[in-house]
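Letters go in sequence order (proteins before strands), and every chain restarts at 1.
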Protein chains: 2
Amino acid sequence: MAQAIRLRQASSPLKASCHTCSLSNLCLPLAVEENDLERLEDIVQQGRIFNRGEHIFDQSTPFRSCFAVRSGSIKTSIITENGEEQVTGFFMPGELVGLDSMSSENYACTAKALERTSVCEFPIEKLEELTGKLPELQHHMYHLMSQEIQNSHQLAMLLSKNTAEERIAALLLSLSSRFQRRRMSGTNFSLPMARNDIANFLGLAVETVSRVFTRFQNQGVIKARGREVELLDVEALQMVSREFSRQGGQ
Amino acid sequence: MAQAIRLRQASSPLKASCHTCSLSNLCLPLAVEENDLERLEDIVQQGRIFNRGEHIFDQSTPFRSCFAVRSGSIKTSIITENGEEQVTGFFMPGELVGLDSMSSENYACTAKALERTSVCEFPIEKLEELTGKLPELQHHMYHLMSQEIQNSHQLAMLLSKNTAEERIAALLLSLSSRFQRRRMSGTNFSLPMARNDIANFLGLAVETVSRVFTRFQNQGVIKARGREVELLDVEALQMVSREFSRQGGQ
DNA sequence: CGTTGTATTGAATTGTCTCAACGATAGTGG
DNA sequence: CCACTATCGTTGAGACAATTCAATACAACG
């Protein structure tokens with residue numbers, strides 16, 4: 001008892017304030033009734049900070065928690081038997097990382113901070129227990145996981161049918177809309193990831209990514225300097241990204 | 001009351017017998033305690049049969065149910081804005097279709113029977129309700145969805161980094177192991193899908209698929225006649241499928 | 001001011017696609 | 001049972017997008 005009180009007090013300063021979190025409309029709290037929010041907050045460990053390059057978790061280590069990005073950004077990747085890396089996703093604030101590991105004892109991928117990043121941790125047993133009690137939350141979990149499947153299908157589609165230009169246009173637009181969701185500029189942002197990661201993620205050579213960037217720039221569609229990107233002609237990008245199958249019919 | 005009894009009686013002959021189903025070790029019953037199995041059986045609609053080419057459900061129609069394949073096989077695909085088709089998966093007996101639609105009002109893809117196919121239907125509201133009551137079942141749902149995410153990542157990887165030969169070898173091995181799971185021959189089976197579907201799924205041209213098949217055949221790795229396939233040298237296929245990155249190192 | 005990692009640019013190579021023709025197979029109706 | 005037709009699968013030759021290899025430019029950092 002006394003211990004319970006002590007714990008509660010001790011964790012109080014660290015305890016999540018989903019109530020006040022600006023991302024609550026994107027993250028798990030979205031699904032939770034105001035009066036149940038405390039129960040979610042009770043299981044969250046909040047405020048862990050990772051520096052650029054640090055691992056949030058590692059492939060093949062015991063799967064314990066899912067993580068919500070609070071600020072910064074994360075890349076997930078799989079290391080194959082050959083030692084090759086495959087980037088499987090980029091995660092921005094409000095997005096949940098680790099859903100692909102819920103089928104195994106160990107993490108299915110490695111999550112790495114692309115910049116100084118703060119996360120909220122949801123221990124999986126507690127989360128599962130809670131979703132069993134809160135149907136809305138369970139529904140939301142299904143929703144998120146399903147979304148992840150769809151995203152991955154979209155990616156597979158992009159990789160199997162689209163040209164380098166189309167893939168990069170699609171990525172830029174995806175990032176753009178994700179920035180916008182957070183009420184940041186959708187046309188003027190800085191890429192959290194290196195060219196290398198983009199290339200890997202999109203199944204291209206780094207050189208190709210570079211070439212496409214400059215090609216877009218020459219066409220006046222974007223302005224790029226290193227990681228700093230400005231989308232000058234969003235419509236053109238949209239054209240490009242869905243303009244496969246039709247030949248040249250701009 | 002009387003109605004309840006009537007319903008129970010009426011549905012009795014159609015009611016699922018997960019108890020006796022040979023696929024219960026792959027499907028949802030896997031996660032359910034013996035004494036809870038009835039509750040799962042209560043929500044299942046079993047025994048719907050579809051002929052080759054018939055749609056189990058259609059993209060953009062209201063999402064109502066997930067389906068477990070009982071016999072036969074299913075392909076799922078997305079139709080893009082351009083009218084292009086993208087095959088997103090093949091489903092064999094014991095596997096669950098529709099998980100990618102749980103984030104939306106409507107089905108995210110179309111499911112089509114590749115041959116005469118029998119399915120069990122799980123209405124989604126009832127399923128969600130039940131998973132809220134049976135933690136093991138909830139866990140299993142998370143497991144399946146997570147698996148689906150991983151599969152899709154694997155596919156993305158295959159599409160982005162591997163050659164035509166590697167992709168096809170991987171597909172053949174995947175099918176092989178899925179046949180084996182059902183205690184069927186893993187080296188001698190007939191492909192449920194057309195070359196066209198294989199090509200679409202793997203992001204290749206039909207011609208390329210054809211060429212690789214004959215190449216494998218000339219190398220004595222497989223024997224193929226139409227959809228009938230025999231894997232003559234499984235190890236060679238395994239070599240091929242994971243032998244990217246290393247150059248020429250047979 | 002080198003050093004290291006990251007990004008860009010160029011030239012040559014190649015795997016896969018496209019286009020096109022042909023063969024095989026299955027289903028249909030006379 | 002045999003054409004007839006449609007669909008599916010195979011094979012060949014040329015084109016092209018992206019890769020690979022190689023060199024250079026740029027930025028951050030101790």
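Over its length, the helix from C:dC1-D:dG30 to C:dG30-D:dC1 turns its helix axis by 40°, as judged from the five terminal pairs at each end, rounded to 10°.
We find that CG of B:N162 is positioned 16 Å from C1' of D:dA18, with the value rounded to whole Å. In this entry the distance linking CZ of A:F216 with C1' of C:dT9 reads 18 Å, nearest Å. Atom P of nucleotide C:dT16 and atom CG of B:N200 are separated by 17 Å, given to the nearest angstrom. Rounded to whole Å, the distance from CZ on B:F213 to P on C:dT16 is 15 Å. Separating the CG atom of B:L114 from the P atom of D:dC8 is a distance of 12 Å, rounded to the nearest angstrom. Atom CG in A:L204 sits roughly 16 Å away from atom C1' in C:dT8 (whole-Å rounding). Distance, B:R211 CZ to C:dC17 C1': 9 Å, rounded to whole Å. In this structure, B:I198 places its CD1 atom 17 Å from C1' of C:dT16, rounding to the nearest Å.
For B:F201, the ring pair (Phe, Tyr, Trp, His ring centres under 6.0 Å) partners at least two apart in sequence or on another chain are B:F90. Applying the side chain to side chain donor-acceptor pair (under 3.5 Å) rule to B:E235 yields no partners; only residues at least two apart in sequence or on another chain are considered. Among residues two or more places apart in sequence or in another chain, the side chain to side chain donor-acceptor pair (under 3.5 Å) test is passed with B:E105 by none. Residues forming a ring pair (Phe, Tyr, Trp, His ring centres under 6.0 Å) with B:F57 (at least two apart in sequence, or on another chain): B:F67, B:Y107. The side chain to side chain donor-acceptor pair (under 3.5 Å) check on A:N200 picks up B:K161, with sequence neighbours excluded. Scored by the side chain to side chain donor-acceptor pair (under 3.5 Å) test, A:T88 finds A:T76 as partners (sequence neighbours excluded).
Side-chain proximity of A:T214 to the nucleotides D:dA18, C:dT9, C:dC17 is greatest for C:dT9.
A salt bridge (charged side-chain N to carboxylate O under 4.0 Å, His left out) check over residues 50-79 of chain A, counting only residues at least two apart or in different chains, returns the pairs A:K75-A:E85, A:K75-A:D197. For residues 201-220 of chain B, the side-chain hydrogen bond (donor to acceptor under 3.5 Å, both in side chains) pairs, not counting sequence neighbours, are B:E165-B:R215. Sorted by first and then second residue, the pairs that involve residues 90-101 of chain B and meet salt bridge (charged side-chain N to carboxylate O under 4.0 Å, His left out), not counting sequence neighbours, are B:E95-B:R178, B:E95-B:R181.
Taking the ring centre of B:F50 as origin, the terminal cationic atom of B:R116 falls outside the region bounded by 6.0 Å and 45° from the ring axis.
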Under a 4.0 Å heavy-atom criterion, the protein footprint on nucleotides 2-7 of chain C, written with B, S and -, is -----S
What one-letter contact string describes nucleotides 20-28 of chain C from 5' to 3', where B marks a base within less than 4.0 Å of any protein heavy atom, S marks contact via sugar-phosphate atoms alone, and - marks no contact?
-> B--------
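Taking 4.0 angstrom as the limit, A:T208 places none of its side-chain polar atoms (N or O) nearer than this to OP1 or OP2 of D:dA17.
Judged by atom type and distance alone, B:R215 does not reach the base of D:dT10 through any side-chain donor-acceptor pair under 3.5 Å.
Between A:S73 and A:E115, the side chains place a donor N or O and an acceptor N or O closer than 3.5 Å (distance only, hydrogens not considered).
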